[in-house]
Amino acid sequence: MIDVTIVSVGTIKESYWQEAVDEYLKRLNPHAKVQTVEVPEEKITAVTDRDRIIAKEAERILKAIPTDTFVVSLDRAGKLYSSREWADQLDDWTRFGKKLTFVIGGPLGLDPSVLQ
């Protein structure tokens with residue numbers, strides 16, 4: 001059984017999305033131990049503050065990532081996978097260890113420090 005942590009910025013506000021998350025977590029339960037960590041979203045005061053905002057969120061994200069884990073940042077500029085490719089990649093990521101962390105940024109994306 002793999003150990004998965006999902007670190008995300010912000011919280012799910014709509015009940016239907018939370019129900020979907022709960023359903024997927026229930027389906028994953030026999031195959032993986034999944035922990036979700038929500039870090040506070042920085043208030044957007046002006047789009048020109050983007051770098052400052054994502055840097056503050058990055059501090060919170062990096063503190064929330066468990067030690068001794070393989071980190072995968074989910075970013076809109078990242079690689080796209082088919083379902084089969086995703087399954088193969090997941091297998092590769094977990095082959096050498098049982099801890100995996102997925103990072104999901106806020107509405108302005110992820111800071112380069114997280115993507116590294």
Side-chain angles (χ1 to χ4, degrees):
M1 180 179 293
I2 62 172
D3 188 359
V4 177
T5 301
I6 301 170
V7 178
S8 62
V9 175
T11 59
I12 296 174
K13 295 166 185 70
E14 294 84 1
S15 62
Y16 55 89
W17 284 121
Q18 187 58 55
E19 289 171 14
V21 168
D22 293 341
E23 178 63 25
Y24 277 105
L25 290 175
K26 183 175 80 175
R27 291 179 187 192
L28 283 170
N29 194 35
H31 311 286
K33 177 185 165 204
V34 181
Q35 173 188 354
T36 58
V37 179
E38 295 174 336
V39 298
E41 183 178 340
E42 191 69 15
K43 183 176 173 138
I44 300 173
T45 53
V47 177
T48 55
D49 289 344
R50 180 184 184 277
D51 291 342
R52 180 191 61 77
I53 291 167
I54 63 172
K56 287 210 175 253
E57 291 174 348
E59 290 174 18
R60 295 178 190 130
I61 290 169
L62 294 172
K63 285 180 185 175
I65 295 173
T67 57
D68 218 17
T69 187
F70 186 81
V71 179
V72 179
S73 296
L74 303 176
D75 185 72
R76 64 179 167 219
K79 184 175 179 183
L80 295 176
Y81 294 98
S82 68
S83 294
R84 180 75 256 160
E85 290 169 330
W86 178 253
D88 291 342
Q89 186 62 64
L90 185 60
D91 186 48
D92 287 346
W93 288 330
T94 58
R95 182 169 293 142
F96 302 106
K98 294 192 175 191
K99 291 185 180 181
L100 184 60
T101 298
F102 292 102
V103 175
I104 304 169
L108 299 178
L110 291 166
D111 188 74
S113 65
V114 176
L115 295 174
Q116 289 176 339

Over all heavy atoms of both residues, which pair between [X] and [Y] is shortest? Give the atoms and the distance, please.
X    : Y   : answer
V9   : P40 : CG1-O, 4.2 Å
L110 : S73 : CD1-CB, 3.9 Å
V72  : W93 : CG1-CH2, 3.7 Å

Co-membership, hydrophobic cluster, residues [X] and [Y], 4.5 Å side-chain:
X   : Y   : answer
L25 : I2  : yes
F70 : W86 : yes
V39 : I12 : no
V7  : W17 : no
I61 : L74 : no

*asked:* Using the rule given for side-chain contact (heavy atoms from CB on, under 4.5 Å), can you reason through Q89 versus D92, listing the C-alpha separation, both sets of side-chain angles and the distance that settles it, and then say yes or no?
replied: CA-CA 5 Å; Q89 186 62 64; D92 287 346; 4.0 Å; yes
*Could you go through the side-chain contact (heavy atoms from CB on, under 4.5 Å) check for V114 and D75 one step at a time?*
CA-CA 10 Å; V114 176; D75 185 72; over 6 Å; no
Calculate, to the nearest 0.5 Å, the distance between atoms [atom1] and [atom2] belonging to [X] and [Y] respectively.
X    : Y    : atom1 : atom2 : result
R52  : L108 : CZ    : CG    : 10.0 Å
T69  : L100 : OG1   : CG    : 6.0 Å
I53  : K43  : CD1   : NZ    : 10.5 Å
F102 : L90  : CZ    : CG    : 5.5 Å
D49  : I54  : CG    : CD1   : 11.5 Å
K99  : T5   : NZ    : OG1   : 8.0 Å

*asked:* Just so I know, are the side chains of L62 and D111 near enough to count as touching, which here means a heavy-atom distance under 4.5 Å?
replied: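 Not in contact.
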*Could you check I65 against V71 for side-chain contact (heavy atoms from CB on, under 4.5 Å), going step by step and ending with a plain yes or no?*
CA-CA 8 Å; I65 295 173; V71 179; 3.7 Å; yes
_List the residues meeting salt bridge (Lys or Arg N to Asp or Glu O under 4.0 Å) with E14, not counting sequence neighbours, and say none if there are none._
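Not a single residue meets the salt bridge (Lys or Arg N to Asp or Glu O under 4.0 Å) criterion with E14.
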*State whether the side chain of E41 and the backbone N or O of T11 hold a donor-acceptor pair below 3.5 Å, judged by distance alone.*
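No; zero donor-acceptor contacts below 3.5 Å.
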*If you look only at pairs with a residue in residues 21-39, which of them pass as a side chain to side chain donor-acceptor pair (under 3.5 Å), with sequence neighbours excluded?*
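For residues 21-39, and leaving out neighbouring residues, the side chain to side chain donor-acceptor pair (under 3.5 Å) pairs sorted by first residue read Q18-D22, E23-K26, E23-R27.
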